[in-house]
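Notes to accompany the following structure.
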Amino acid sequence: MAKRLILIAIVAALFGSICFLRLADLEPGYQVHQLDGRQLKIETPLYLANSPFQIKQRGEGFEIDFVDSIGETLHIPFRRHLISCGRKPSNVTEYRGSYDFESVEPTEWNVIRLTQIESLANQVRLKGVLETHDHLVDILPAPFEVKIWHEAKNIIHFEAQCLSEAHSSISIHLKNNPEERVTGFGTQFDLENRNGTLVPILVSEQGIGRGAEPITTMMNLLARSGGSSTTTYAPQPFAINMDGWSIELENRELSYFDMRLPDVMTVQVHANTVKGEFRFNDKAKLVASRNQDHGLAPRPPDWTQKGVIVGLQGGTAAVLKKYKALKAANVAIAGVWIQDWVGQRHSLAGKQLWWNWSRDLKHYDRWETFTQILKKDGVRLLGYINPFLVKRDASHMTRHLYDEAIERSCLFKHGDGSTIRIENTSFSAGMVNIFDKACHRWLKDIIKMELIDAGFAGWMADYSEAMPFEATTGHGTGWELHNAYPVEWARLNREVIQELGQEDELFFFVRAGFTGAQQYASSFWLGDQMVDWAKEDGLASVIPALITSGQSGMVYNHADIGGYTTIELPFIKVIRSEELLLRAIELSAFTMFMRSHEGNLPEHNTQLYSTVKTREHIAFFSRLFRSLAPYRQHLMDLYEETGQPMILPVIDADNQLITSGFMLGAGIAVFPVMHRGDEAIEAYLPSGRWRHLFSEREFEGQQHVNVSAPIGQPAVFLSTDSEYNWAAIFDLVRTTLHQ
């Protein structure tokens, strides 16, 4: 038998081609191992001849390693059965953009039997059968195939498939160290270790409360919209294990990362094929290399860095009055964002918009005068659009887009051909099928004609998280396209900019996303936080979301200053206070964009323009934000060179995560006040020397320091060791401080 193996290796080397080995020819040595009281039978060679891949017998299962040309080994983290196939789909029910979902446990296979191994150059393919000894009549053996290949340094690609049509879900099983942190998964609103939990990858509303009580329970009772710690507008099937590897799926279908067992990560996909990659490196390099390989985000226009984009509403007269009050206070205003350009409607949630993307001529009269005032001041005008349409019969509307969409057959339909109406608060709307090329083009033309031709330089591109699962499109099922819809929505908006050749001028921001959306969006924003301090869904959730979104490739991101979701009910009130707004302004000044929102109940919230104190505060910090524009441009250059995000976590000398602050690049450490009434902060400073922005006191790094942080003087530190020209930055900041 040894001679036969040698002969096979010689033939493969001579022809430089396929090494096709059957287990029977390799005398694998049949072994039986005990696993959870069941038998796990594995038939495998100890190694695969003439291949950079090695398959090793290892206790209860087997390991697959890749050995490169210089002898470096990548340990591919498959474990146990390697793969499972399931016969039932996950259960998902939708209500106003929120989803209840239940993962389905894969069939409990007892035996994995490899039947064939093929190797070709830097590729190996395993074929086999999953079997059960439960003697269940309806459980038939499940054939499977796993392909693994290597194309680039430190990256291993994989594709696993359940070959029986009876199986509609697939799971792969990975080794997982319960002592290691697992992070990633797109935009997440806390920095908790996800190890030990189940993380669904499903684009959805983030929820209202997300675990904070009693708000979450109340919202679940009223509208099933409380959410949880893992509900998010912008998830990604991407996990980073601190053992030095990451996994990312190419699948768009609903998936789950299940880490509830102590030593295994099960990745389940609602499909019969799963495809993805492993990367091997330390966390920072994993993030940077992934960003470079999967498409960098486009650089936003320079004007977005020159001040705050103020969210105002109420019609021409009301907006001009608020704008003039802010301008008189010397606020650095980059743009005025009027989401209600299409008219306001009142709903159960407060003030919402008429989803008919044509200017309300009555609500915004004297349009030329209004736009010329902003243009003369060098201030951009921004609007709002989403892919939903409602029927609106009003004489002062120039277009009725719902009727146009019906005529063009551009709204998602049920299987019987009827239009799907999706509930939103107290009204329902149709959603445009942008996977249809003609409808895609029609909606782009609407943006060009109704927004850009009217003088808008930017817009919020909202509400792409609710594509119905039951939709029929001709381009795939709702199950296949739901998570892909936000990517297509971002691409549609980017194409408008590209087709007009105005990449340096036009700007849009989205809240929903999935893998790939970062290549198109000018910016993301974090969605509808509460106007309170809660770590689950209030101001304190902003820092984790900025960090996690950046690590997942969504590097241009920001939050509504002071949040959005306001609640005014007899038994519960959540209203934006002056203190919270001031602290939110301070935080926002050290992110990539400053943009405010009046909220869903504007008259109840403290606004930027409400008092002398709020106007002076936004004036100072908007000018401070403007003074840091050269540094942010430096970070953008660095991102385009290396893939490194702009917002980074603070890591201590023991490689532990500090959750109370964040880094704006390597040169600015920010520790915002996140609790009502606090006026002092304990901050951890990384290695090097640091200068407190307001007192100019200097501190040695790698230690915790306590500093005063009254309103107007947040705990912000500038590195004096950075290669960046800090002398120039300090001069700009001093100028702002003494204006």
With D365, which residues qualify under side chain to side chain contact (heavy atoms under 4.5 Å, CB included), at least two apart?
T316

Look at the side chain of Q188 and the backbone N and O of F185, then say whether any donor-acceptor pair between them is shorter than 3.5 Å.
yes

For the side chain of W459 and the backbone of F508, is there at least one donor-acceptor N/O pair under 3.5 Å apart?
no

For a quick test of your reading: what N or O donor-acceptor pairs under 3.5 Å do the side chains of residues 533-541 make, sequence neighbours left out?
| unit_1 | atom_1 | unit_2 | atom_2 | d |
| --- | --- | --- | --- | --- |
| D537 | OD1 | Q206 | NE2 | 2.7 |
| D537 | OD2 | G209 | N | 3.0 |
| S541 | OG | G538 | O | 2.7 |

Does the pair I309 and S596 meet the rule for a side-chain contact (heavy atoms from CB on, under 4.5 Å), with working shown?
CA-CA 6 Å; I309 298 171; S596 67; over 6 Å; no

So among I434, N493, N433, which one has a side chain to side chain contact (heavy atoms under 4.5 Å, CB included) with E488?
I434

Give a yes or no on whether the backbone of Y609 and the side-chain of R615 come within a donor-acceptor separation of less than 3.5 Å.
yes

Salt bridge E616-K613, side-chain N to carboxylate O under 4.0 Å:
no

Give the C-alpha distance, both sets of side-chain angles, the deciding distance and a yes or no for side chain to side chain donor-acceptor pair (under 3.5 Å) between R399 and S358.
CA-CA 6 Å; R399 294 179 71 174; S358 180; over 6 Å; no

Between the side chain of T216 and the main-chain N/O of E213, is any donor-acceptor distance below 3.5 Å?
no

Electrostatic pair D532-R676, nearest N-O below 4.0 angstrom:
no

side-chain contact (heavy atoms from CB on, under 4.5 Å) evaluation trace for L401 with I446
CA-CA 9 Å; L401 295 174; I446 290 171; 3.9 Å; yes

So, do N330 and R623 sit near enough that their side-chain heavy atoms are less than 4.5 Å apart?
yes

Establish, yes or no, whether the cationic atom of R632 lies under 6.0 Å from the six-membered ring centre of F590 and within 45° of the ring axis.
no

S552 side chain to T548 main-chain N or O, any donor-acceptor pair under 3.5 Å?
yes

May I ask you to say whether R583 pairs ionically with E578, meaning some side-chain N is under 4.0 Å from a carboxylate O?
no

Mark yes or no for whether N605, through its side chain, and Q607, through its backbone, hold a donor-acceptor pair below 3.5 Å.
no

Should the pair E450-R359 be classified as a salt bridge under the 4.0 Å nitrogen-to-oxygen rule?
no

Taking atom NZ as the centre, does K322 end up with more than 12 heavy-atom neighbours from other residues, nucleotides or ligands that are less than 6.0 angstrom away?
yes

Is there a side-chain contact between F509 and L382, using heavy atoms and a 4.5 Å cut-off?
yes

Restricting to non-hydrogen atoms, name the atom on I497 and the atom on S522 that form the minimum distance, rounded to 0.1 Å.
CD1-OG, 4.2 Å

Would you say R392 and D360 make side-chain contact, with heavy atoms under 4.5 Å?
yes

Are the side chain of D678 and the backbone of V673 linked by a donor-acceptor contact shorter than 3.5 Å?
no

Can you find a side-chain donor-acceptor pair between D340 and Y364 that sits under 3.5 Å?
yes

Nearest-0.5 Å distance that lies between atom CD1 in I567 and atom CD1 in I572:
5.5 Å

Name all residues meeting the side chain to side chain contact (heavy atoms under 4.5 Å, CB included) criterion together with A297; count only those two or more places apart in sequence or in a different chain, and write none if there are none.
V555, Y556, Y639

Y233 versus R511, side-chain donor and acceptor atoms under 3.5 Å
yes

Any side-chain heavy-atom pair of E586 and H617 under 4.5 Å
yes

Side chains of Q344 and Q352 only: does a donor on one sit below 3.5 Å from an acceptor on the other?
no

Any donor-acceptor pair under 3.5 Å from H558 side chain to F524 backbone:
yes

Taking the ring of W367 and the ring of F370, is the distance between their centroids below 6.0 Å?
yes

Walk me through it: do D462 and Y384 pass the test side chain to side chain donor-acceptor pair (under 3.5 Å)?
CA-CA 7 Å; D462 200 4; Y384 176 101; 2.6 Å; yes

Regarding N356 and Y402, do their side chains bring together a donor and an acceptor under 3.5 Å, going by distance alone?
no

Let me see the working for L648 and F662 under side-chain contact (heavy atoms from CB on, under 4.5 Å), right down to the final yes or no.
CA-CA 6 Å; L648 302 168; F662 64 93; over 6 Å; no

Applying side-chain contact (heavy atoms from CB on, under 4.5 Å), run through I561 and H597 and close with a yes or a no.
CA-CA 6 Å; I561 296 176; H597 199 311; over 6 Å; no

Out of the candidates F507, W337, W525, W303, only one should pair with F593 under the ring-ring contact (aromatic ring centres under 6.0 Å, His included) rule; please name it.
F507

Contact between L481 and M467 at the side-chain level, heavy atoms closer than 4.5 Å - yes or no?
yes

In Å, rounded to the nearest 0.5 Å, how long is the span from CD1 of I420 to CZ of F469?
12.0 Å

For the residue pair W341 and L451, establish whether any side-chain heavy-atom pair is separated by less than 4.5 Å.
yes

For a 4.5 angstrom cut-off between non-hydrogen side-chain atoms, does W355 reach V342?
no

Taking C-beta and beyond as the side chain, do E205 and T231 meet within less than 4.5 Å on heavy atoms?
no

Any donor and acceptor pair, going by atom type alone, linking the side chain of N483 with main-chain N or O of V203 inside 3.5 Å?
yes

Counting distance only, does the side-chain N/O of T606 pair as donor-acceptor with the main-chain N or O of R576 below 3.5 Å?
yes

